[in-house]
K.L.:
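Take this structure, written in structure tokens, and hold onto it; I'll ask about it next.
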Protein chains: 2
Amino acid sequence: MFTFVPLLAHNPNTTIMVLTEKHKELIERIGVFHEHKGMQPLVGRIIGLLLVHEDGEVSFDEIVEQLGVSKSAVSNALTFLQAKDRCVYSTRPGDRKRYFALKLSDWRADFAKELENIAEIQKFIDEVLEVRTEKNQEFNCKMKDFSDFLGFFKKEIPALFERFKRQQA
Amino acid sequence: MFTFVPLLAHNPNTTIMVLTEKHKELIERIGVFHEHKGMQPLVGRIIGLLLVHEDGEVSFDEIVEQLGVSKSAVSNALTFLQAKDRCVYSTRPGDRKRYFALKLSDWRADFAKELENIAEIQKFIDEVLEVRTEKNQEFNCKMKDFSDFLGFFKKEIPALFERFKRQQA
DNA sequence: TATTTGGTTCTCTATTTGCAGAACTAACTG
DNA sequence: CAGTTAGTTCTGCAAATAGAGAACCAAATA
């Protein structure tokens, strides 16, 4: 008679990385940096942890332990990070845990998105120009100027990555 | 006997601009755009109002009336905008009112600051690289790559403005 | 079938935020 | 000096946020 003997089921990576004070302090600072960008506190801390963790992949449980927060908070934060496409998880045969990692691979796409996002103000500038009267031409000109620059800027983004690539080789 | 007859004291520009629905709706959208950038709601609305207002300069009172908010809220928001160097006020002889305007003139400096700000993540990336072990070289390499790009990017910012200037002429 | 594991969802609460309204101040006016 | 004007600061509250803890669920195990 055969019994199913799971290879790893009783042997998940249960030892967790030891974080030094330096690690912890860096995680906090990365946390507040992201808070300033409008993210909720724990989300920023998790990004910090995933960055400094030597494995790059961190289990749900370990996040809970390392950051000393509740499972519910971690669950919500990870759902958010995945929705924003900043984070993915992988699994391992015979181990039901999920191991979360940053999608560091597409930093190019992410950064480009951020640039386009800040240039998004152009849309508003243009709408503003449409509703403005001719009364204050100086003001209008400066806005037109800014809008033109933003258009130029957006077009330049791909070239920027190109030049970086060439300059690297 | 001479009496002091103030030229404008009883004649400040008391008629306020009429905002259409389109104006109001645009102000709201500009407001939420800035909220997403981490500003408090009223600050974004004021930016919107100063953008669409035909005069470019708007008195404290008119801000209160147009946006239908309290004086205290406006006072705090304007203090904030001035602290952030996004806004200035001017006065007129014989008129004690302050007329607030966006510092639209230095959009170049502002935009450059925003770009540098998003590249500030490099500082953290580098610190992270210093505390990371050699364990996950692939992860480390991607981070190094990203950091290199951010360094390159920062250096490119002035050139970007240069190219825009040339391309305009 | 009962229990454990890994995680999600729901409910509740402490904290923070954003603003109103009142009290206040400082400069000017009658 | 009493009143007005223009704006600031203080006090308090309603709403939003962030997270704890418990209840819950589904898959795997005993």
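Below, read A as the first sequence line, B as the second, and so on, with proteins coming before strands; counting in each chain starts at 1.
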K.L.:
Which donor-acceptor pairs under 3.5 Å do side chains of residues 109-116 of chain B form with protein atoms, sequence neighbours excluded?
P.N.:
from: B:E114; atom 1: OE2; to: B:K37; atom 2: NZ; distance (Å): 3.1

K.L.:
Rounded to the nearest Å, what distance is computed from the CG atom of residue A:L42 to the C1' atom of nucleotide C:dT15?
P.N.:
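The distance from CG of A:L42 to C1' of C:dT15 comes to 16 Å, rounded to the nearest Å.
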
K.L.:
Going by modelled atom types, is there a donor-acceptor pair between the base of D:dA28 and the side chain of A:R96 at under 3.5 Å?
P.N.:
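There is none.
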
K.L.:
Does B:R98 make a side-chain N or O approach to OP1 or OP2 of D:dT8 shorter than 4.0 Å?
P.N.:
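Yes, within the criterion.
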
K.L.:
Do any pairs count as a salt bridge (Lys or Arg N to Asp or Glu O under 4.0 Å) and have a residue in residues 158-169 of chain B, sequence neighbours left out, and if so which ones?
P.N.:
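Output for this query lists A:E156-B:R163, B:E156-B:R163, B:E162-B:K165.
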
K.L.:
Please tabulate, for side-chain N and O atoms in residues 100-107 of chain A, each donor-acceptor pair with protein atoms closer than 3.5 Å (sequence neighbours left out).
P.N.:
from: A:K103; atom 1: NZ; to: A:D85; atom 2: OD2; distance (Å): 3.2

K.L.:
State, without any angle test, whether B:E62 and B:H53 hold a side-chain donor-acceptor pair at a distance under 3.5 Å.
P.N.:
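Side-chain D/A pair, B:E62 to B:H53: present.
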
K.L.:
Take the protein atom CG of A:L78 and the nucleotide atom C1' of D:dA18, then report the distance between them rounded to whole Å.
P.N.:
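In whole Å, D:dA18 C1' lies 15 Å from A:L78 CG.
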
K.L.:
To the nearest Å, give me how far apart CD (B:E65) and P (D:dT5) are.
P.N.:
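It works out to 13 Å between those atoms.
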
K.L.:
To the nearest Å, give me how far apart CZ (A:R45) and C1' (D:dA18) are.
P.N.:
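Value for this atom pair: 12 Å.
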
K.L.:
Could you name each residue pair satisfying salt bridge (Lys or Arg N to Asp or Glu O under 4.0 Å) that touches residues 41-51 of chain B, not counting sequence neighbours?
P.N.:
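Pairs touching residues 41-51 of chain B that pass the test: B:E28-B:R45, B:E35-B:R45.
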
K.L.:
Contacts to DNA chain C from residues 67-75 of chain A, heavy-atom cutoff under 4.0 Å, which residues?
P.N.:
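Contacting residues: A:K71, A:S72, A:S75.
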
K.L.:
In chain order, what residues pass the side-chain contact (heavy atoms from CB on, under 4.5 Å) check against A:N117, with sequence neighbours excluded?
P.N.:
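With sequence neighbours excluded, A:N117 shows a side-chain contact (heavy atoms from CB on, under 4.5 Å) to A:E120, given in chain and number order.
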
K.L.:
How many Å lie between CD on A:Q40 and C1' on C:dT17, as a whole number?
P.N.:
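Atom CD in A:Q40 sits about 15 Å away from atom C1' in C:dT17.
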
K.L.:
Please give, in whole Å, the distance from D:dT8 C1' to B:L81 CG?
P.N.:
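It is 16 Å, rounded to the nearest whole Å.
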
K.L.:
What integer distance in Å separates B:Q82:CD from D:dT8:C1'?
P.N.:
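Rounded to whole Å, this separation is 12 Å.
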
K.L.:
Using atom CG of B:N76 as one end and atom P of C:dG21 as the other, report the distance to the nearest whole Å.
P.N.:
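Nearest whole value for this atom pair: 15 Å.
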
